[in-house]
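These values consider heavy atoms only, across backbone and side chains, with no hydrogens, waters or symmetry-generated copies.
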Amino acid sequence: MGKNLLIKAENIVQSYGEQTVIDIDRFYLYEGEKVGLVGMNGAGKSTLLKILSGQLEPTTGTVSGKCTPFYFEQFGSDNTYFQTDYAEAGKMGVADHIWQEKVSGGEDTRIRLAQLFSSPHAVAFLDEPTSNLDYDGVRMLVKRLKEIDTLVIISHDRAVLNEVCDRIVEISFGKLYSYNGNYDEYVAQKEELLKTQLAEYENYQAEKKRLQGVYMEKKNKAKTVAKKPKNISSSEAKVRALIGKRKPEDKARGMERSATNVLKRIEHMEVKEKPKEEPVVRPDFRLTDPPRNPIVIRGEHISFAYDDHIVFDNADFMIRNGSKVALLGGNGTGKTTLLELISKREGVYVVPGAKIGYAKQNMSQIDLTKTVLENVRRVSIQSESITRIVLARLLLSERDMNKKASELSGGERMKLSFAMLFVSDVNLLILDEPTNYLDIPSVEALEKMLVEYEGTLVFTSHDKMFVDRIATERLYVDGAKIRKNKEEYHDNTQ
């Protein structure tokens, strides 16, 4: 017996003024499906989610549903918390907070998730539910999402999409492309598709070149045939034509026709576009005059407290030159404090040759009155072409270059601040939750840049896949100590 069709969306167009954001033929959601919606920032993921969950009426098209939708908004909501089921709030660790006037971002997310889990028969539509959750919160969320029967989720956390989803739907230039499987399987299928497209493009180019050669050959032959053969008189040429040989001009015309037919074949060939590839030039790291010391950061007997709250008590750690160190630990354990101490060289020894670049969450290094290109040029020690390639590799387009920084989205500003670091004279990068605000393509673009980065990197992130791909070493911040953690990351954060 087939599964129930719960949501049926057909001929959906969503426009804002002149701009069409979404133009799709259909989207069907069946009972038991867990769908991950992916795509670039601004591709229309949140808009589509609102349309499917009934939050937004599309410009044209129809959405019919046989389910109770529960919509989880990315940036909080006006929901009153006292409607939340107390037991569910307890499971999410926020039972004591539902009566509070003010709650933190993480508490708000957990309370609203508890509301979702209080509605057992709802189909869940979730927009970035992992925002503001620490590693423990994300683990708990994944466990609970597996209990929900049917859902559609937008998340920049690929590990969540891997564990929860059985279908990935990509939205690109307003159209939908569906892939069966989780996020890793979607990536593999997409890579196969890219290989096929590349092979088709190369075959198309080779055949086009061959036919163009045939065309030129026929054209040249026609020219030579049209000429009267050398060393014979006009009367002899006429006699030859009379006794059945074709006139040279007839033969030439035939060849011209044949050449024209080849040209028509070229024109009617199915055009294959070359798949887009990113430029792979990297900055010249030697220009930053990197330090040669084997150890670049050393902390000995660090003690630090805010008022009565002890953050570090006699803690020790060291960071080797060229290593990529992930600082791991729950919210409030002191990771950001440690980054601040390193950046200010307070109570922590940093070698004099280290030039620190600190990407803060408030992105204060950006001058909002200047354009993207002006901001990058202001700090760049690299050539203009490398500067532009770094921007392109971080998915800031040629069109974005002349935008004022004040017009950029949160994700675009984050990418601009990374570009500024990569082309500046810094040789020690400090990144605090660099994947916040970034969509998956941007996270993956940043990953590639950081894997290639030749300097020392210290960073925090709740994105497990990001940590796994980049970190060469891990330090665990917990209980006022900093320790080198030999066990698995997730074993310590359950």
Side-chain angles (χ1 to χ4, degrees), residues 10-15 17-27 38-40 42-44 59-61 168-180 186-230 237 240-241 244-281 385 388-389 392-393 395-402 441 445:
E10 293 181 307
N11 307 314
I12 302 294
V13 175
Q14 182 62 38
S15 303
E18 295 291 295
Q19 195 191 7
T20 297
V21 183
I22 291 170
D23 181 359
I24 59 175
D25 299 330
R26 61 189 192 120
F27 176 92
V38 301
M40 304 275 280
T59 311
T60 60
I168 298 291
V169 172
E170 180 183 45
I171 182 161
S172 177
F173 299 105
K175 302 288 182 198
L176 295 188
Y177 304 89
S178 184
Y179 299 82
N180 288 328
Y186 147 75
V187 170
Q189 288 172 60
K190 215 176 153 189
E191 274 174 14
E192 277 307 309
L193 195 62
L194 196 67
K195 277 183 199 158
T196 308
Q197 286 169 341
L198 202 56
E200 284 177 354
Y201 170 76
E202 282 164 0
N203 292 342
Y204 159 72
Q205 287 290 47
E207 179 62 1
K208 190 176 169 184
K209 200 172 175 184
R210 187 187 73 78
L211 288 173
Q212 280 166 338
V214 171
Y215 168 72
M216 290 311 295
E217 204 178 298
K218 287 181 183 290
K219 283 287 279 183
N220 291 335
K221 252 188 190 164
K223 270 184 204 157
T224 54
V225 167
K227 291 174 189 162
K228 186 179 70 175
K230 281 181 185 173
R240 282 192 181 192
K245 298 213 173 184
R246 283 171 65 198
K247 289 180 191 171
E249 55 267 35
D250 288 348
K251 205 169 179 184
R253 267 199 296 275
M255 284 192 165
E256 280 284 1
R257 270 200 303 276
S258 174
T260 307
N261 288 338
V262 173
L263 204 57
K264 280 181 181 160
R265 271 180 69 189
I266 294 173
E267 282 167 10
H268 287 102
M269 282 173 78
E270 192 188 338
V271 176
K272 298 289 181 187
E273 296 289 337
K274 185 178 185 181
K276 289 185 177 70
E277 289 180 67
E278 63 170 35
V280 192
V281 177
S385 63
R388 285 174 175 270
I389 284 169
R393 287 193 64 188
L395 311 184
L396 286 162
S397 70
E398 201 60 46
R399 211 177 56 226
D400 297 324
M401 304 274 177
N402 297 314

How long is the straight-line distance from [atom2] of [Y] back to [atom1] of [X], given to the nearest 0.5 Å?
X    : Y    : atom1 : atom2 : result
Q212 : E217 : CD    : CD    : 13.5 Å
T260 : E267 : OG1   : CD    : 9.5 Å
Q189 : Y177 : CD    : OH    : 15.0 Å

Practice item. For residues T20 and V13, determine if any side-chain heavy atom of one lies less than 4.5 Å from a side-chain heavy atom of the other. Key: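 T20 reaches V13 side chain to side chain.
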
Check your understanding: Below 4.5 Å, heavy atoms only, C-beta onward: do L193 and Y179 meet side chain to side chain?
Key ->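 A side-chain contact under 4.5 Å exists here.
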
[X] to [Y] - nearest heavy-atom pair and separation:
X    : Y   : value
P441 : G39 : CD-O, 4.1 Å
Q14  : T59 : OE1-N, 3.2 Å
K175 : D23 : NZ-O, 3.1 Å

Review point. Looking only at atom types and distance, does a side-chain atom of N220 sit under 3.5 Å from a main-chain N or O of M216, one as donor and one as acceptor?
Key: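 Yes: the side chain of N220 pairs with the backbone of M216.
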
Point to revise | Candidate list I171, D25, I12, test side chain to side chain contact (heavy atoms under 4.5 Å, CB included), partner L176, passing option | key: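 It is I171, the one option of I171, D25, I12 that forms the side chain to side chain contact (heavy atoms under 4.5 Å, CB included) with L176.
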
Review point. Among all residues two or more places apart in sequence or in another chain, which pass the side chain to side chain contact (heavy atoms under 4.5 Å, CB included) test with E398?
Key: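 Scan of E398 (side chain to side chain contact (heavy atoms under 4.5 Å, CB included), adjacent residues dropped) gives R388, M401.
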
**Study point:** Any donor-acceptor N or O pair under 3.5 Å, side chains Y201, Q197
**Key:**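 Note: Y201 and Q197 side chains miss the donor-acceptor criterion.
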
Check your understanding: For E192, which residues count as a salt bridge (Lys or Arg N to Asp or Glu O under 4.0 Å) partner, sequence neighbours excluded?
Key ->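 Scan of E192 (salt bridge (Lys or Arg N to Asp or Glu O under 4.0 Å), adjacent residues dropped) gives K195.
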
Check your understanding: Would K190 and E170 count as a salt bridge (charged side-chain N to carboxylate O under 4.0 Å, His left out) if you check the C-alpha gap in whole Å, the side-chain angles of each, and the deciding distance to 0.1 Å?
Key -> CA-CA 10 Å; K190 215 176 153 189; E170 180 183 45; 2.7 Å; yes

